[in-house]
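Following: one structure in structure tokens, then a few remarks.
Each residue takes its place number in the sequence, starting with 1.
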Amino acid sequence: MPAVTADTLTLPRVETPAAPQRPVRTVTTAPTGYEGEGFPVRRAFAGIASSVLDPFIHMDQMGEVEYAPGEPKGTPWHPHRGFETVTYMLDGVFEHADSQGGGGVITNGDTQWMTAGSGILHIEKPPEELVVSGGLFHGVQLWVNLPKASKFTPPRYQDIRATQATLLSSADGGALLRVIAGDVAGHGGPGATYTPITLVHATISPGAQLRVPWREDFNALGYVLAGQGTVGTGARPIHKGQLAVFGDGGALTFAADSSQPVAEPNLEVLLLGGKPIREPVVQYGPFVMNTRAEVVQAFEDFQAGRFGVIPAGRLPHTD
């Protein structure tokens, strides 16, 4: 998992917060499935009530999978409206292109932040050289809802390099925090959001503990990307592929077991939270709107070609 690393002894420290620790409401295990042209995913939010997730809609852990030559897969061209997609790449390479001319290539620790807004077509796939060679593929895609006032905002694309993430250390230097969006202890990340959220990738060394302050008006979720440990002051066991949902309070606690799996030397946790929008949500496939009528309109607009056109030279494969 070669997302950007650093010497925690040289980074700004996040002091142990005095605020009340948030209790752990639930720990759930993500079921596995397949997305796009057949790449494996873990459905991180499966079984969690939308009211608890708000403002988040959906999250997949993509991979971790070692592809043989010719096996890497992506998604075909498809539409979105009414929310944002955040793709965080841990291992491997992924290409993105959209009908507004946005896109690029992301690799270890990079993030693509696409605001679908009023409507967009896009495609995500491994580059041709990776399809030929095969290789490791591992990432996360998160869907962030847009409030009603921003549902029809013009589409926007942000290309966030791994080196742009704000790097912090836990109080004792045992954990590395990469702030991608939002704020941790006054340190802001590079991602610009319509909906106030915080997104952090934390690496916790074996035997270390992370206590991080968290905005009390945000919800709080912690998804384990790799490794094993405990969550909350009650030291509830948690491992790869599990999601912790927190109750009210001003701080989160995770601890890494002293012994970790050979292939997963640290406890890797994606911390996310946001200010709930508290508006009606009607989702159908790639559209996230406030009413059924708006979803029907999205289908009609897509079928009428109002989401833009596939750029020349980026036609879908026919084989």
Side-chain angles (χ1 to χ4, degrees), residues 1 3 22-67 73-75 83-92 94 111-112 124 136-145 178 180 197-204 210 218-232 234-247 252-257 260-261 263-274 281 283 285-286 288:
M1 188 172 293
R22 290 186 177 225
V24 178
R25 288 183 176 176
T26 61
V27 173
T28 55
T29 301
T32 57
Y34 292 90
E35 188 57 75
E37 296 173 338
F39 59 85
V41 297
R42 286 185 173 92
R43 307 290 192 191
F45 293 165
I48 307 299
S50 59
S51 59
V52 174
L53 297 173
D54 185 13
F56 306 110
I57 299 295
H58 171 85
M59 191 170 81
D60 280 340
Q61 181 179 9
M62 305 180 295
E64 182 174 4
V65 59
E66 183 77 38
Y67 282 119
K73 299 174 177 67
T75 67
F83 66 102
E84 299 181 287
T85 66
V86 181
T87 306
Y88 177 50
M89 185 59 57
L90 295 161
D91 300 281
F94 222 29
T111 302
Q112 290 176 341
E124 297 162 302
L136 186 60
F137 177 80
H138 187 197
V140 174
Q141 185 167 98
L142 172 69
W143 290 12
V144 184
N145 197 13
R178 306 165 188 84
I180 299 168
I197 70 168
T198 295
L199 178 61
V200 180
H201 174 194
T203 297
I204 308 170
L210 171 66
F218 279 19
N219 64 354
L221 310 167
Y223 180 76
V224 179
L225 298 165
Q228 59 193 28
T230 62
V231 58
R236 186 165 179 174
I238 194 167
H239 59 75
K240 179 179 180 178
Q242 291 190 314
L243 175 78
V245 176
F246 293 87
L252 312 179
T253 298
F254 280 88
D257 288 352
Q260 296 290 331
E264 300 169 7
N266 303 295
L267 177 62
E268 306 279 353
V269 183
L270 199 65
L271 305 174
L272 59 159
V281 175
Q283 179 193 353
V288 180

Checklist entry - Of all heavy-atom pairs between L225 and Q61, which one has the smallest distance, and what is that distance? => result O-NE2, 3.2 Å
Checklist entry - So H201 and L90, side chain to side chain contact (heavy atoms under 4.5 Å, CB included) or not? Walk me through it. => result CA-CA 10 Å; H201 174 194; L90 295 161; 3.7 Å; yes
Next on the checklist: I'd like to know whether L267 forms a side chain to side chain contact (heavy atoms under 4.5 Å, CB included) with V224, so could you lay out the CA-CA distance, the side-chain angles of the two residues, the decisive distance to 0.1 Å, and finally the verdict.
Outcome noted: CA-CA 7 Å; L267 177 62; V224 179; 3.8 Å; yes
Item to check | Which atom of L53 lies closest to which atom of I57, heavy atoms considered | outcome: CD1-O, 4.4 Å
Next on the checklist: Is there a side-chain contact between P237 and Q228 in this structure, where contact means two heavy atoms from C-beta onward sitting under 4.5 Å apart?
Outcome noted: no
Do any side-chain atoms of residues 40-51 form donor-acceptor pairs under 3.5 angstrom with protein atoms, and if so which ones, sequence neighbours left out?
unit_1	atom_1	unit_2	atom_2	d
R43	NH1	E35	OE1	3.1
R43	NH1	D60	OD1	3.1
R43	NH1	D60	OD2	2.6
R43	NH2	Y34	O	3.2
R43	NH2	E35	OE1	3.4

Next on the checklist: Quick check: closest heavy atoms across A256 and I204, and the distance to 0.1 Å?
Outcome noted: CB-O, 3.6 Å
Checklist outcome for this item: Here the gap from L210 atom CG to L252 atom CG, rounded to the nearest 0.5 Å, amounts to 8.0 Å
Checklist entry - Do V281 and V288 come within less than 4.5 Å of each other through their side chains, counting heavy atoms only? => result yes
Next on the checklist: Measuring from atom CE of M62 to atom NE2 of H138, what distance do you get when rounded to the nearest 0.5 angstrom?
Outcome noted: 8.5 Å
Checklist entry - Is it true that a side-chain atom of N219 and a backbone atom of D54 form a donor plus acceptor pair closer than 3.5 Å? => result yes
Checklist entry - Taking atom CD of Q141 and atom CE of M89, what is their separation to the nearest 0.5 Å? => result 9.5 Å
Next on the checklist: With rounding to the nearest 0.5 angstrom, report the CD1 to CG distance, I180 to L270.
Outcome noted: 6.5 Å
Next on the checklist: Once you measure the plane-to-plane angle for F254 and F246, does it fall in the parallel (<30°), tilted (30-60°) or perpendicular (>60°) bin?
Outcome noted: perpendicular
Next on the checklist: Just verifying a value: how many Å separate I238 CD1 and T28 OG1, rounded to the nearest 0.5 Å?
Outcome noted: 8.5 Å
Checklist entry - Going by atom types only, do E124 and Q112 share a side-chain donor-acceptor pair under 3.5 Å? => result no
Item to check | Considering all heavy atoms, the nearest Q260-E264 contact | outcome: CB-O, 3.2 Å
Checklist entry - Where do T203 and R178 land on the side chain to side chain contact (heavy atoms under 4.5 Å, CB included) test, with the steps shown first? => result CA-CA 9 Å; T203 297; R178 306 165 188 84; 3.0 Å; yes
Item to check | Approximate separation, where rounding is to 0.5 Å, of L142 CG and E84 CD | outcome: 9.5 Å
Item to check | Shortest non-hydrogen contact between L199 and L272, atoms and distance | outcome: CD1-CB, 4.1 Å
Checklist entry - If you take all heavy atoms of R25 and R236, which pair is closest and at what distance? => result O-NH1, 4.0 Å
Item to check | Any donor-acceptor pair under 3.5 Å from N145 side chain to F83 backbone | outcome: no
